[in-house]
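Right, one structure below, let's go through it.
The basis for the numbers below is simple: all heavy atoms, side chains too, and nothing from hydrogens, waters or symmetry mates. The sequence lines fix the lettering, A, B, ..., with proteins before strands; numbering per chain opens at 1.
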There are 2 protein chains.
Amino acid sequence: MNISERKKKILAAVVDEYVRTAEPVGSKAIAERGELHCSSATIRNELAELVSLGYLEQPHTSAGRVPTPMGYRMYVNELMQKQKLSLEETEDINRRMNQKLRELDDTISDVSRLASQLTDYPALALTTRTAVTIKRFDIIYVDANTFIIVVLLSDNTVKNKLVRLPVSVDQKLVQRLSSLFNSGFTGITEDAVTPLLIKSTERAADDTMGVTSVIAAFAIEVLTQAAAPSAYVSGENRLLNQPEFRDPDKAHKLMGYLSGGGYILPPGENLNEAGEIKVLIGPENVAEELKDSSVVIATYDAGDNTRGMIGVVGPTRMDYSAVAEKLSILAAGLSRRLGGGEAPPEGMHNKLIIKGDTGHE
Amino acid sequence: MNISERKKKILAAVVDEYVRTAEPVGSKAIAERGELHCSSATIRNELAELVSLGYLEQPHTSAGRVPTPMGYRMYVNELMQKQKLSLEETEDINRRMNQKLRELDDTISDVSRLASQLTDYPALALTTRTAVTIKRFDIIYVDANTFIIVVLLSDNTVKNKLVRLPVSVDQKLVQRLSSLFNSGFTGITEDAVTPLLIKSTERAADDTMGVTSVIAAFAIEVLTQAAAPSAYVSGENRLLNQPEFRDPDKAHKLMGYLSGGGYILPPGENLNEAGEIKVLIGPENVAEELKDSSVVIATYDAGDNTRGMIGVVGPTRMDYSAVAEKLSILAAGLSRRLGGGEAPPEGMHNKLIIKGDTGHE
DNA sequence: ATTAGCACTCGAAAGGAAAGAGTGCCAACA
DNA sequence: TGTTGGCACTCTTTCCTTTCGAGTGCTAAT
């Protein structure tokens, strides 16, 4: 579907203006911007056509125009001018990110918080870990009743647990178990941890006190937990900044959905390539609760063939280009930190490739 | 200040009714409850006196009465009938708590989430760790570029970090460092980790690659982080359920304060004894943002002479007794899990001792 | 000391008029 | 054929007025 250059300019102006003011925008307001060199009457005609084409709509007969999801889609795909953050801003973001570099889980939730701060929208971060295995298994003997299990996972995170037993355990037994687990339980996924495997380990270790099953239970817990995607939501309260969520019921519904860790991506849909940005506008979302909100998602590379996503949620009237740019920087930073070998030079970040629905239903 | 039995009953009735309906309560409504055997006119007289005593107030001349903070204080201190949860409810709470028993940090945030669910108010949890030391130091050699630092702290939490170096390191060196740190860095607090100590460890280990300082940095980070109080906030969005926060600006302000980890307790004020409940009503709070909200706080014993608190925030019109009871169960459960040796029998929980301001300014 | 009765007050809800923003359309114009 | 000014029309928003009712305070009777 091709529309004239001028219509595109007008559509872009409507979106820009509406994003800024949250009020339906009228023909006069557009004419006064001075970009189009024509009168408000001309623009009125064009607006009427944009409405009948489905890009805009009128809340009521004598109001200004508001973009439809299809209008936003067009804007995101073609019209939006990629907002370039200034060098200082980019560096500021990177600096703030650098201050947080602990363990994976922490990093992710910190970055989600950062994303929310930067964009002033609620942000969420998901890790989708696939097929995690244990790379290494250690048991540290502390005293007769206490030992620490330390597990290194294939995604290079480390999990541990302090175990205190009501009975005394021989240091030798712990050492035997440590090496048995290290050979028997590494490189396998959760479903390979069978009762049979546990039994045979127990027998091999000559364990009569049931220590083996405690350790095996931890292995299972770790593998299960690591394989499950985890979600972090930050800054739900920023939703209340948006005029479209001044209705507490509406805000509450969406916030509840978000902090419940609701699904964002359409079920079957895969994450993008790292570095790409996905935009889901209003009804393009599957979740009922998101039907009149938009979601911008950046994918990062978490190494080990794993990807995660970081995104923000806001009204359809969202500053897509600013948000996309900021998320892109954050995702690039995460990829750099978590991802595989090659570390792109600081300050660089991935190209802004925007992907999403086509907008035609 | 003594007031008649009947006034107390009437005050209690006003609070109960107002908590339930969030509407100013009139004389007729109280008369119809049937507890006081007198007419609405009599109650009107009493109400007028309660107003002039400062326990109640009128939003405007011809409205019903609403409790003042002083009224709530009287209610909490003397009138409120300790709500006894049914056995099933208590057991349900304990069961749900039992499902979460991982590491300290997780437990706390899970319990905070649980508190929010149970009470339908935003909940927060604070740990105040004091003088944490390292109890044991282990370094696990993984390969020439990689090792894992595992640290057991005096509060029985375990912290770990995976270190990847750009240079190869000798396994012998790692072993030397492991035992040096285990003897030199245990039992000391953060400020005892001096550059001198690090230097001498480095020399003793014959470390020319700077590995020592990496490990020392982790030790410092762990000690700092463990000594810093951490706060978790859950369910901010539940605030929007309360009619007094239907104004999005009000809600936003408070939610922002909460998720910013704002202080709750008056600066100098100590936590209660474990098992006690503290109630801060409206202006009794120090933070400006909390001046017309109430906070209920339960203290738990985190073992090792450390206490933490778990609390909820809501409008002054809060169901104090139900909230206090639920928090009490949660705090007791936490004490049982985290606290020192003796484990009180399941299902039991600490007495409900309520403490707080006296309400006289 | 308690109660019934009644006039009074004040806010919330409902109705209605006026204002204003923006449109749609027509006729004139380049 | 595309553009423009003009103007009547529509529909919301805002403000004002009115009405309604809950609840009070006071007084007089018990």
Atom-pair distance ([atom1] on [X]; [atom2] on [N]), nearest Å:
X     : N      : atom1 : atom2 : result
A:N45 : D:dG2  : CG    : C1'   : 9 Å
B:E49 : C:dA1  : CD    : C1'   : 12 Å
A:I43 : C:dC25 : CD1   : C1'   : 17 Å
A:Q58 : D:dC9  : CD    : P     : 18 Å
A:L50 : C:dG24 : CG    : P     : 12 Å
A:E46 : D:dT3  : CD    : P     : 7 Å
B:H37 : C:dT2  : NE2   : P     : 14 Å
A:K7  : D:dG2  : NZ    : P     : 10 Å

With sequence neighbours excluded, tell me which residues meet salt bridge (Lys or Arg N to Asp or Glu O under 4.0 Å) with B:D92. B:R95, B:R96
Using a strict cut-off of less than 4.0 Å between a Lys/Arg side-chain nitrogen and an Asp/Glu carboxylate oxygen, indicate whether A:E35 and A:K9 qualify as a salt bridge. no
Ionic contact status for B:E289 with B:K253, cut-off 4.0 Å: no
Is B:A63 touching bases, backbone alone, or none of the nucleic acid, heavy atoms closer than 4.0 Å? sugar-phosphate
Looking across every strand, which nucleic acid part, if any, lies under 4.0 Å from A:S27 by heavy atom: base, sugar-phosphate, or nothing? sugar-phosphate
What N/O pairs connect the protein and nucleotides 10-16 of chain C at under 3.5 Å? Give each pair on its own line.
residue, atom, partner, partner atom, Å
C:dC10, O2, B:S62, OG, 3.4

Write down the atom of [X], the atom of [Y], and the distance for their closest heavy-atom approach.
X      : Y      : result
A:V15  : A:P67  : CG2-CG, 3.8 Å
B:I277 : B:A298 : CD1-CB, 3.7 Å
A:L118 : A:K326 : O-NZ, 3.2 Å

As a test of reading the structure: which of D:dG25, D:dG5, C:dT23 is closest to the side chain of B:A48, going by heavy atoms? D:dG25
Report yes if a donor N or O on one partner sits less than 3.5 Å from an acceptor N or O on the other, where the partners are the side chain of A:R44 and the base of D:dG2; otherwise report no. no
State the NZ-OH distance between A:K8 and A:Y55, to the nearest 0.5 angstrom. 8.5 Å
